[in-house]
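In what follows, chains carry the letters A, B, and so on, assigned in the order in which the sequence lines appear, proteins first and then strands, with residues in each chain numbered from 1.
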Amino acid sequence: MDKKKPKKVFVQGAVPPEKIAQSIANHQSKTNIGAHSIFLGQIRADEVNGKTVSAIDYSAYEEMAEDVFHEIREAAFSEFDITCAHIYHSLGKVKTGELCLFVFTSSAHRKIAIDACNYFVEEIKAKVPIYGKEIFGDETHQWKKNS
Amino acid sequence: MDKKKPKKVFVQGAVPPEKIAQSIANHQSKTNIGAHSIFLGQIRADEVNGKTVSAIDYSAYEEMAEDVFHEIREAAFSEFDITCAHIYHSLGKVKTGELCLFVFTSSAHRKIAIDACNYFVEEIKAKVPIYGKEIFGDETHQWKKNS
Amino acid sequence: MKVTVKYFGIIAETAGKKEEILDVTQGMSASELKARQIKTYQIPEAESVQLAVNRDLNTEVELKEGDEVAFLPPFAGG
Amino acid sequence: MKVTVKYFGIIAETAGKKEEILDVTQGMSASELKARQIKTYQIPEAESVQLAVNRDLNTEVELKEGDEVAFLPPFAGG
């Protein structure tokens, strides 16, 4: 059981697709798993007043964020019968089209994996002190607000 | 827009994790996407009367299944504001720990991608004529029933 | 009048075949053919068997020459 | 009595700094410090600012020597 071990969540820059393949492949020896649910956040090229977002520069209150990620994990493992859960979030600059968030939950049954994945995504957005500076093509910026 | 083109859903044997990474990487040029939701079905080593499942051998009424997959796609695109959707399901033998189903939906916003992904999974289980022979270690078998 | 009959999953196993061409009387309905084949092959859990005629789930139709009739056990995809 | 104050996101930008050591009077509450710094740096949308004292969201505590106080704008992860 890896559920108690605090895990490093932050990665520098974008989450590469190969990391996702590797995480999935790592679970093929766990034959009590029947379903995986994955959520990926990707940087959108939003338009604001005629300017287009080209990247988001993420920063965080890292020490507190790692504590909160750990609390969210603990709560998820007590609420959902999941076999494992992995979260990765970017710090630093992530360009449009690249991935900034990777949530991965596994369970014997699909509904549990899916519900737990959604729980992580909502909790992360609501409770973790992470900030994103949306950088436009002309080098100006604005601060991202979650909807 | 690729939504109208009928797509090949069935793959021979397990869905390799690299295919998932490739699908994700293929979407990094679509900068109107903000969220991907992925569901993966994995073969469980279930125990039945002291025998353990070692693989599932999938078969299907393929011509009808491809029609139904297409209808599910059409319904999903009219119900959910998704930018793309991909489904792959195994035929033939898939060993425990390997992947037999890969559903991948993308949207500007997370809730839409997640709801559409769930819709696909439930519809596929309910409406597509696919059969699974659960093969035990001793070469006996039983026919899989969806819960 | 000839129709092609296909069997899937546990039904194919029970019938010992995946496909056969059957001679049926003009005007036979899909549900009549269903009842006949379930009796012929002693197919268990008959109430859970669905028929597809030319890929459409439908037992109320009258069969026509050349129809493809599939005997489908409960679906088990995913 | 000294406390470490950290600023994040748009607040760090507005304050022009990410961290400073402040001398505060014994018995000062986190919410009093919050009001003072919001005024000092003219931090906008003050009602949306949360304070974390030693990594816990809490403005009702009395500050102690060596506390770490973080000024947090609305979270924007994901």
Side-chain angles (χ1 to χ4, degrees), chain A residues 14-47 52-56 83 94-111 113-115 117-118 121-122 124-125 144 146-147, chain B residues 14-47 52-56 83 94-111 113-115 117-118 121-122 124-125 144 146-147:
Chain A
V15 179
E18 298 73 37
K19 188 181 188 76
I20 297 156
Q22 192 54 56
S23 291
I24 294 166
N26 287 346
H27 289 75
Q28 302 212 320
S29 57
K30 302 197 178 181
T31 56
N32 57 334
I33 292 174
H36 304 286
S37 183
I38 293 175
F39 178 83
L40 302 171
Q42 181 167 305
I43 309 296
R44 271 201 319 268
D46 279 349
E47 266 200 50
T52 304
V53 170
S54 66
I56 293 182
T83 51
V94 184
K95 294 199 286 268
T96 52
E98 293 184 328
L99 304 173
C100 58
L101 174 62
F102 170 27
V103 177
F104 183 19
T105 56
S106 308
S107 172
H109 303 287
R110 71 184 183 282
K111 198 175 168 348
I114 292 168
D115 288 350
C117 189
N118 294 346
V121 174
E122 296 306 320
I124 291 165
K125 296 213 173 232
K144 175 174 181 273
N146 273 357
S147 54
Chain B
V15 179
E18 298 73 35
K19 189 181 187 75
I20 296 156
Q22 192 54 55
S23 291
I24 295 165
N26 287 346
H27 287 75
Q28 303 212 317
S29 58
K30 302 196 177 182
T31 56
N32 57 332
I33 292 173
H36 304 286
S37 183
I38 293 175
F39 178 84
L40 302 171
Q42 182 168 303
I43 308 296
R44 274 200 318 266
D46 278 350
E47 267 201 48
T52 304
V53 171
S54 65
I56 294 183
T83 52
V94 185
K95 293 198 287 264
T96 53
E98 292 184 328
L99 303 173
C100 58
L101 174 61
F102 170 28
V103 177
F104 183 20
T105 55
S106 309
S107 173
H109 303 288
R110 70 183 182 283
K111 197 173 167 353
I114 291 168
D115 289 349
C117 189
N118 294 347
V121 174
E122 295 307 319
I124 290 166
K125 295 212 173 232
K144 174 172 181 274
N146 273 357
S147 53

With a 4.5 Å cut-off on heavy-atom pairs, point out which of A/His27, A/Arg110, A/Glu98 contacts chain B the most.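 Counting heavy-atom pairs under 4.5 Å, the top option is A/Arg110.
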Does the side chain of B/Arg44 reach to within under 4.5 Å of the side chain of A/His109, using non-hydrogen atoms?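 Yes, at least one pair of side-chain atoms sits under 4.5 Å.
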Quick one: does A/Leu99's side chain get under 4.5 Å of B/Gln28's, heavy atoms only?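 SC-SC contact between A/Leu99 and B/Gln28 confirmed.
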Quick one: list whatever passes side chain to side chain contact (heavy atoms under 4.5 Å, CB included) with A/Ser54, sequence neighbours left out.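 A/Ile135.
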Per-residue contact mode, [X] against chain A (heavy atom under 4.5 angstrom):
X	value
B/Val121	side chain
B/Asn118	side chain
B/Ser37	both

Please look at A/Ala108 and chain B and tell me whether the side chain, the backbone, both or neither of the residue comes under 4.5 angstrom of a heavy atom of that chain.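 For A/Ala108, backbone and side chain are both near chain B.
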If I measure from the heavy atoms of chain B, does A/Leu101 come under 4.5 Å with its side chain, its backbone, both, or neither?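 When you check distances to chain B, no heavy atom of A/Leu101 falls under 4.5 Å.
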Mind checking the CD1-CD spacing from B/Ile114 to A/Glu122? Nearest 0.5 Å is all I need.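 One gets 6.5 Å once the value is rounded to the nearest 0.5 Å.
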May I have all residue pairs that pass side-chain hydrogen bond (donor to acceptor under 3.5 Å, both in side chains) and include part of residues 14-23 of chain B, sequence neighbours excluded?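 Non-adjacent pairs meeting side-chain hydrogen bond (donor to acceptor under 3.5 Å, both in side chains): B/Gln22-B/Asn26.
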Shorter than 4.5 Å, heavy atoms on both sides: which option in [options] has the most such pairs with chain A?
options	answer
B/Cys117, B/Ser106, B/Ala21	B/Ala21
B/Ile33, B/Thr52, B/Ile20	B/Ile33
B/Pro16, B/Ala45, B/Ala14, B/Gly41	B/Ala45

Which atom pair, heavy atoms only, marks the closest approach of A/Lys30 to B/Gln42?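 Residues A/Lys30 and B/Gln42, closest heavy atoms: O-NE2, 3.2 Å.
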Considering non-hydrogen atoms only, spot the tightest contact between B/Gly97 and A/Thr31 and give its length.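 That closest heavy-atom pairing would be N-CG2, 4.0 Å.
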With a cut-off of 6.0 Å (strictly less than), are more than 12 heavy atoms of other residues, nucleotides or ligands near NZ of B/Lys95?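 Result for NZ/B/Lys95: open.
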